[in-house]
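Notes for the one structure printed next.
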Amino acid sequence: MKMGKATNLFGSFFFLVCLSIEFSLVVRGQNRTTIPVNVGVVLDDLDSPNTKVWLSCINLGLSDFYTSHGSSTTRLALSIRDSREGVVDAAAAALDLIKNDQVQAILGPKSSMQANFVIELGDKTQVPIISFSATSPSLTSIRSSYFFRAAQNDSSQVKAISAVVQAFGWREAVPIYIDNEYGQGVIPYLVDALQEVQAQVPYRSAIPPEATDDQLVAELYKLMTMQTRVFIVHMLPSLGSRLFAKAQEMDMMDGDYVWIMASGMTNHLTTMNASVINSLQGALGVRTYVPQTKELVDFRARWKRQFQKDNPTIIDTELDVPALSAYDAAFALAMAVENVGTKNFGFEKANASTNSSTFLEYFGVSQNGPELCQSMSSTNFRGLSGDFSFVDGQLQNSIFELVNVIGNAAKTIGFWKPQSGLEKKLNLTNTNGPYSTSKSNLAPILWPGDSPSVPKGWEIPTNGKRLRVGVPVIVGFAEFVKVVPGPRANTTKVFGFCIDVFNAAMAGLPYAVTYDFIPFAKPDGTSAGSYDDLVQQVFLGNFDALAADTTIRANRSLYVDFTLPYTEAGVVMVVPMKDGKNKSAWIFLKPLTWDLWLTSLCFFVFIGFVVWVLEHRINEEFRGPPSHQIGTSFWFSFSTMVFAQREKVVSNLARFVVIVWVFVVLILTQSYTASLTSLLTVKQLQPTFSDLSDLIKNKEYIGYFEGSYVGELLIQRGVDPNKLRPYKSSDECHEFLTNGSENGGIAAAIDETPSMKLFLAKYCSKYTMIGPIFKTDGFGFVFPKGSPLVPDVSRAILNVTEGDAMKEIENKWFVGDATCSDTKPTISDSNSLGLDSFWGLFLIAGVSSSLSLIICAASFCYRHWHMFMTTGASAWKRIKVMLRIFDQKDLSSHNFRKTGSQDGKYMYNAGSIAISVEASPNNNSTRPPSPPSPESIGHSNLSSEKQEYYRLLLVKNIQKCEEVMKELKNTIN
């Protein structure tokens, strides 16, 4: 209890102290002297709810400033004038405020048209003009240092609008704007922003400010007859609400339409009544971003209480963005005046000049105007609508909020920042991130008609005109497009390959498109021009599309759009074929290429050498004088071509080499025989010309289809125009080619690949196609530049060409006589067999022969290695001894052993000396002849070879010689 009483006493004491302090501050404030500063306010219709809301915010802004700055020495005294929604009335109100009230600044006026003259007035009198609702970009061009815009410039929102258009892939958009300075000022910026994202503006709908309902309906009906379904509305709520109400009555607020409201309407959504909101269902809007801070929530509550107290008859009124801007503008002006201080706020009369005096000079100029402008430019604080600061008289905050009108409110679907583009959730710390225009950065949207599906942005108007599809009148190649008279007067029927593909593509669209084929013809039914003329008609708007065999070319794509091609690309050349059978006496050389002939010759020589190496020491048929050995080797090798070799091969290694080589020769001879037979018996069809340069060099005549661009293309590539002959049909082309250049015809016909394939389907046995000689992109359908049909038709063409429908269409129009074969020219080089076809065989033969040589050499060196390792002689002499041994017979061979036993004599080769050993039937021992004494070797009549042998025998190799002789004895026994 005691503790509770003490607490109550302390609280009562604290309350009394605070009350006394507050009373002393009030008394002190009442005693402080403040200087009133006149400030004018120019607004429209002071009795309207919106104007009353703005005035209440201005008063609260001043009240809050002076409450938070109790030591301020200035007080703004407001002088309010009604401009009555007129430009002249606004100017008169400003003149009255400057002349009679000598105001130091003016808040207002409301509209951009009114502000235009008032800014000029303020610039002359040095009176700052602060507008919180005039947003037209045209006001910036005045370049007055006395104009401050406390609202977002309309041009700052166009990037946000174009980002939305790009996010959903819309190719066209139509701006609907009020036809005055406010509406017209932003259109150039909006069009530029849309073009930067590849969106076109096919039409601009300007609505008069005083438009009647009938005028609105007429303009909306005009928009309904157009393909574009994306509309950007830039106008004030008074006119915009009427426009949307009529659009709703005309069923233009359904799922096929897209409505995007600029900030001029979206900033006022909170003050619109329920009927207007109901007509905006599904529309998108761009409005100035206002952060939802605690200060804003508290202010909204205080303002609502005060407004209801002052205006009890106005119910359910809300704050809009301009109201918050009015609060911040009044707060900023009070701060700027306070910063200037208590100086002379009067006007100084200007000296009147008799030559250049105006009535404005009699008003004088504000003495404090320049300092007040400087103070306004440096004003910086956190206002209700965000950070408040001026740069060159313009407010700098440029974040916009994207909303979707659903039900009774506007749902936030994302934000747009100049640095990062679209964001689903605002991130104020990310200032250098990648710029995004992805629709994934937006929340789900409910489109007009309560549709969750994104509208494609365009539609074929059902109550508008049908598409006029132009078709050429072709005399020749009627398989592509053919126009015939219809059953009724002034009617035609159109059919052909191009027409079938066009119909299949249009039928594959996800929506219905109605169209009529219109022949490009004169009144007499003949063609009205070339293909370039036909494409030009689409550019001029006489045709909505073009279904023809029109080639996609760069110069044409400058003023029309093409779909994806639906045929093969390229320009080809068709020439007659001739029999290229060679009647030359040297035709027997033609089956093989020169490199194969040379390789075969080298291998014949190589195989002969390998067989000689393997056989000459053990086979008598490969021995004899050198010329005999060479002849025998080559004879043996080359006779394998006809398998006529007579020499026996006794070595296993040689037999292996010969078997492999005979197999290679068999393959070569059989291939040669087949190729030569083909050359002598099969008809060799070859083109008369294979290159355009040959035609130009020989000054031959060249044909092209009349009206085609190919003639111009040939001239650009160096063809003499006098050597060009146009033809009108495939039959005439055949006639020209048959006659040839010398008889009034042509040597070659050059045209698109599909046209020439169609020609060959009829005359395939007489001509052949060369190329493509020029690159093109094939045939495509033509639409006006920026047509939204192009991407959808292109996708439909892909579905047609990738499916069975294209095969059926091609078989219907391009298949010729069933007996007509696809004859192709025979190129001479293709009949000659090359090394690339047989290198594997030669590799096998070469490896097997080389391996046999290596084995033979290794075996020989192993058996006679002791001769090479003998010391006392030079290396060259040792090599010579080894070579002489290799040149002699190998008496140890079974072939020679058999011969020696029969003759009773065996020859033994020791070094380079042949030792004869007699084999006596009665005596089983053999003894070599006694060598001379070492002293008599040098004086004997022995040859140098024998002297070397005996020297080695006596001095270095006696033991080895005895071993050899023992082997010889054992062999003979």
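Treat the numbers as computed from the prediction; the structure is a model and nothing was measured.
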Report task. Verify the distance criterion only: is there a donor paired with an acceptor across the side chains of Ser440 and Ser438 at less than 3.5 Å? Result -> yes
Query raised in the report: Among side-chain atoms of Glu196 and Ser162, is any donor-acceptor pair under 3.5 angstrom?
Result: no
Query raised in the report: Can you tell me how far the CZ atom of Arg468 sits from the CG atom of Asn542, to the nearest 0.5 Å?
Result: 7.5 Å
Requested in this report: Kindly compute the distance separating CG (Leu190) from CZ (Arg204), expressed to the nearest 0.5 Å.
Outcome: 9.0 Å
Query - Donor-acceptor contact present, side-chain Ser794 to main-chain Leu564, <3.5 Å - result: yes
Query raised in the report: In terms of side-chain heavy atoms, does Thr753 have a donor or acceptor partner in Glu568 at a distance below 3.5 Å?
Result: no
Query raised in the report: Do other residues, nucleotides or ligands put more than 12 heavy atoms under 6.0 Å from Asn555 CG?
Result: yes
Query raised in the report: Do Glu752 and Tyr709 have side-chain atoms, one donor and one acceptor, less than 3.5 Å apart?
Result: yes
Query raised in the report: In Å and rounded to the nearest 0.5 Å, what is the CG to CE distance from Leu280 to Met261?
Result: 5.0 Å
Query raised in the report: Do the side-chain N and O atoms of Ser136 and Glu181 include a donor-acceptor pair separated by under 3.5 angstrom?
Result: no
Query raised in the report: Does the Asp516 side chain pair with the main chain of Arg466, one donor and one acceptor, at a distance under 3.5 Å?
Result: no
Report task. Check whether the side chains of Tyr257 and Asp251 place a donor and an acceptor atom closer than 3.5 Å, and report yes or no. Result -> no
Requested in this report: Answer yes if the ring centres of Tyr566 and Phe502 are under 6.0 angstrom apart, and no otherwise.
Outcome: no
Requested in this report: Step through it carefully: locate the ring centre of Tyr182, locate the ring centre of His234, and say whether they are under 6.0 Å apart.
Outcome: yes
Query raised in the report: Roughly how far, to the nearest 0.5 Å, is the CG atom of Leu422 from the OH atom of Tyr435?
Result: 6.5 Å
Report summary line: d(Asn180 CG, Leu236 CG) to nearest 0.5 Å is 7.5 Å
Query raised in the report: Would you say the side chains of Asp532 and Ser530 form a donor-acceptor pair under 3.5 Å?
Result: no
Query raised in the report: Backbone N or O of Ala211 within a donor-acceptor pair of the Arg242 side chain at under 3.5 Å?
Result: yes
Requested in this report: Evaluate salt bridge (Lys or Arg N to Asp or Glu O under 4.0 Å) for Arg229 paired with Asp256, printing each intermediate quantity in order.
Outcome: CA-CA 7 Å; Arg229 290 293 183 266; Asp256 295 331; over 6 Å; no
**Report entry** Closest non-hydrogen atom pair between Tyr767 and His734, with its separation
**Finding:** OH-ND1, 2.7 Å
Requested in this report: Would you tell me whether Asn273 and Ser275 have side-chain atoms, one donor and one acceptor, within less than 3.5 Å of each other?
Outcome: yes
**Report entry** Thr801 side chain vs Ile797 backbone, donor-acceptor pair below 3.5 Å
**Finding:** yes
Requested in this report: Indicate the atoms forming the closest heavy-atom contact of Pro772 with Gly570, along with that distance.
Outcome: CB-CA, 4.0 Å
Report task. Calculate, to the nearest 0.5 Å, the distance between atoms CZ and CG belonging to Phe231 and Leu243 respectively. Result -> 10.0 Å
Query raised in the report: Would you find more than 12 non-hydrogen atoms of other residues, nucleotides or ligands less than 6.0 Å from Lys222 atom NZ?
Result: no
**Report entry** Heavy atoms of other groups near Lys411 NZ, more than 12 under 6.0 Å
**Finding:** yes
Query - Heavy-atom donor-acceptor pair, Asn278 side chain to Ala274 backbone, under 3.5 Å - result: no
Query raised in the report: Okay, side chain of Gln537, backbone of Gly470: is any donor-acceptor separation there less than 3.5 Å?
Result: no
